[in-house]
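Read the structure below first, then the notes.
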Amino acid sequence: MKTVSLGASRPSTVSFRMPTRDNLVPIRVDLEVDGQRYRDAFTWNPRDPDSEIISFAKRTAKDLKLPANFVPQMLQSIQGQIAEFRSYEGQEMQIKEKIVPLKIDLRVNNTVIRDQFLWDIGNLDSDPEEFARTLCDDLNITDPEVGPAIAVSIREQLYEIASQSVSVMREKQLSKKGRRAPEFSSNSKAVNNAVDLFKYFGSKGSVIRKRKEWYLYEPVVDVVANEEDGKEETNNSSRPKKRAEEEKVASLQ
Amino acid sequence: MATTTTTTTATATAPAAANTNTVPTPTPPHPRPAAAPAPRAPSNLGPVKSEAPPTPSSTTAATAAATTTASGAEDPSNIITVPSYSAWFSFDSIHDTERRLLPEFFEGEAAAGLGCRGPDAYKYYRNTLIRRFRARPGRRLTLTECRRGLVGDVGSVRRVFDFLEEWGLINYGALPSGSKQAKERREEAVSQSSLPSGVAAPRKLCTACRSVCGLAYYACEKADISLCARCFVCNKYRPGLTAAAFKRIEITEDAKSDWTDKETLHLLEAVLHYREDWKKVSGHVGSRSEKDCIARFIRLPFGEQFMEPKEDRMGFENDDDITDDPGAGVSKRLCLTPLADASNPIMAQVAFLSAIVGSDAASAAAQAAISAQSRVDLNDGEIDSSINSNMEEESSHTNGLSVNDLLKEAASNARAQLEKERNSIEQSLSDIVDIQMKEIQDKICHFEHKEMLMEKERQQRQCLRDLLFADQLAILHHQRRPQAVATESKYDEKPKPVINIS
């Protein structure tokens, strides 16, 4: 358990990993084959053997009754993302104790959820899964697919931040190797997102949010009526509809 | 093989109604039709939050399920069957089986931890999956729909899912549409139903490649999967299973057609009559080849159901291939029968015990007993009629044991001879003594005689002495005549020793 102390910023370098308790990779698949669309997002453990990926892909295709053409593409997509993740491994990333605002803006089946909150990147014991479960419990969300969607979304954002910090490190090292010039603070999104704790909490030093800002941080859950092609709840092939682009935009801000 | 899958020792009804009220209130076990239209998977995420709350809800779910037939799902009175080999399952606890087969959740870094790896996570996955299945027991859950509803990495979810499916806690008896296992199960059901009717059962089909298995196939008891040899080698079974879970089963004639009782009876009769002539035996049986008859005969259990008096003989005739135990048992029983009828109950017991123990042990025991008894007899050693009578008693007790008798005879002979010897010795001793006595007496007589003679001689000598003395006197007288008158007076003082010796 790494103790995180606010105040003193101790940048520490660790080898690349997801800054969460479990080193799991968020994977997103979006394929279209022969007019059939397949979208999916899930968490994968990079320590599972590659043979698992193949069997997983086949099984998913079978369960969702997708034609066999899906399987190779699915495989490719998943393997590509895992490979990318693995390419980061072994490199160092710098974990500053940054508090990062994360945002969730999803629509899953008929549930729309919007939320934003602060997340401590430096806490390597953080658990997006637990957060997602708690959130769904507290908001009495009945659809079980919302939880995983939230977890994957959080992971994706964290993954983004982690990979950026790796590139930051690399740049720093390069710049060090090159010449002893003053370090640039690279224009990374993660850094921009970082919140200066002292500035944020104001001179009062209170950690309690101002009341007028509460509404910003309240999660919003909407259950949308079935206005589109009504999918049965019992349908196997229900797909989470996420606005992935909005997601990316949200994390960019 | 089919016996392991016959089921329904545990029944649980659909707990969906109980599930909708998860954390705060324990559910009254009433069917709630209002809850039925609730989404098919009522907040499975509810019990996940922490471990303390789920337990009351899960226990109430269990009790509710056990006692009522809640119509939480579409069908009223839903009964969920759990195979007997999974009867250990409970919502509240983690069984050893689970710990053993899914160590990733319980060992190493996971043991202490929460999160995606840990007993809590495992419980969450497992309970959610099972509740989800039980909400719609007739419908088969797919991994994809489940993992989409579970917060966690899909690898772990898949493993738990596979484990539960293997053990029949999920998708057990669910009517699927075109899934391998259901087809295979249906097939087995078909084959099972056809077997009792005596019709030739369908040949074993491999579940993976749908082709006829050849000579041997591999069956996995856990998941009711049969694979042909090729598929087994190609590892075409689910990742959850290992090669060790499969057993090789040879397809024999028995599999193709079952031996009915009649046929078996015919077989036994034939063997009795014809002993080892398998041609005739197969002819007697009828529709079986020689090989079949032999194979079937070898596999026959020689148990009580087949025990007839004539079977004993058969026990001796069989080859050594047939296990020694039934043969030995039969011969033992034969040996037992004559003695077992003995009127003497003690003998019967002894005979029975000796039969049980084995011939070597019994003979050794008998020897020891005999020697102990005989040692006691020899130690007495006196020529005693009582001993003889004892011996006779003993010999009467041990009727039928000839060794003992011989020994007794020999002992008595020896004793008699000993006594004869003693007598003769005494006799001769007394003779010797007599003779010596006689000798002594003779000697005594002899000495007495000798003494008498000596006395006589002494007396004679004495007489002679006297005479001599007298003569000496006379002489002296003559010498001293002139002077001798005076001396005569001296000699006159002496008594006149005239002794006439006659």
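Residue numbers start from 1 in every chain, and the chains themselves are labelled A, B, ... in the order their sequence lines are given, proteins ahead of strands. As a basis for the values below, the full set of heavy atoms in this structure was taken, side chains included, without hydrogen atoms, waters or symmetry mates.
Here the straight-line distance linking atom CD of Glu104(B) with atom CG of Asn45(A) works out to 8.5 Å at 0.5 Å rounding. Atom SG in Cys146(B) sits 8.5 Å away from atom CG in Asp63(A) (nearest 0.5 Å). Separation of atoms OG (Ser156(B)) and CG (Asp22(A)) is listed at 8.5 Å; rounding is to 0.5 Å. Between the CD atom in Glu145(A) and the CZ atom in Arg147(B) there is a gap of 9.0 Å [rounded to 0.5 Å]. Put simply, CZ on Phe56(A) and OG1 on Thr144(B) are 6.0 Å apart, with the number rounded to the nearest 0.5 Å.
With respect to Asp153(B) and Arg47(A), no salt bridge is recorded, no charged nitrogen being found less than 4.0 Å from a carboxylate O. A salt bridge does not link Arg158(B) with Asp48(A): every distance from a Lys NZ or Arg NE/NH1/NH2 to an Asp or Glu carboxylate oxygen is 4.0 Å or more. Using a cut-off of 4.0 Å between Lys/Arg side-chain N and Asp/Glu carboxylate O, Lys65(A) and Glu145(B) are scored as not salt-bridged.
Between Asp162(B) and Arg59(A) there is a side-chain heavy-atom pair separated by less than 4.5 Å. Contact check for Val151(B) versus Glu130(A): no side-chain heavy atoms found under the 4.5 Å cut-off. At least one side-chain heavy atom of Arg132(B) sits less than 4.5 Å from a side-chain heavy atom of Pro144(A).
Contact between Gly149(B) and Pro148(A) at its shortest, heavy atoms only, is C-CG, 3.9 Å.
Under a cutoff of 6.0 Å and an axis angle of 45°, Arg133(A) and Tyr124(B) form a cation-pi pair.
Residues that satisfy the side chain to side chain contact (heavy atoms under 4.5 Å, CB included) test with Gln116(A), not counting sequence neighbours, are Lys103(A), Leu216(A), Tyr217(A).
Shown here is Glu32(A), whose CD atom has more than 12 heavy atoms of other residues, nucleotides or ligands within 6.0 Å.
When each of Thr60(A), Val25(A), Ile53(A) is scored by its heavy-atom pairs under 4.5 Å with chain B, the top score falls to Thr60(A).
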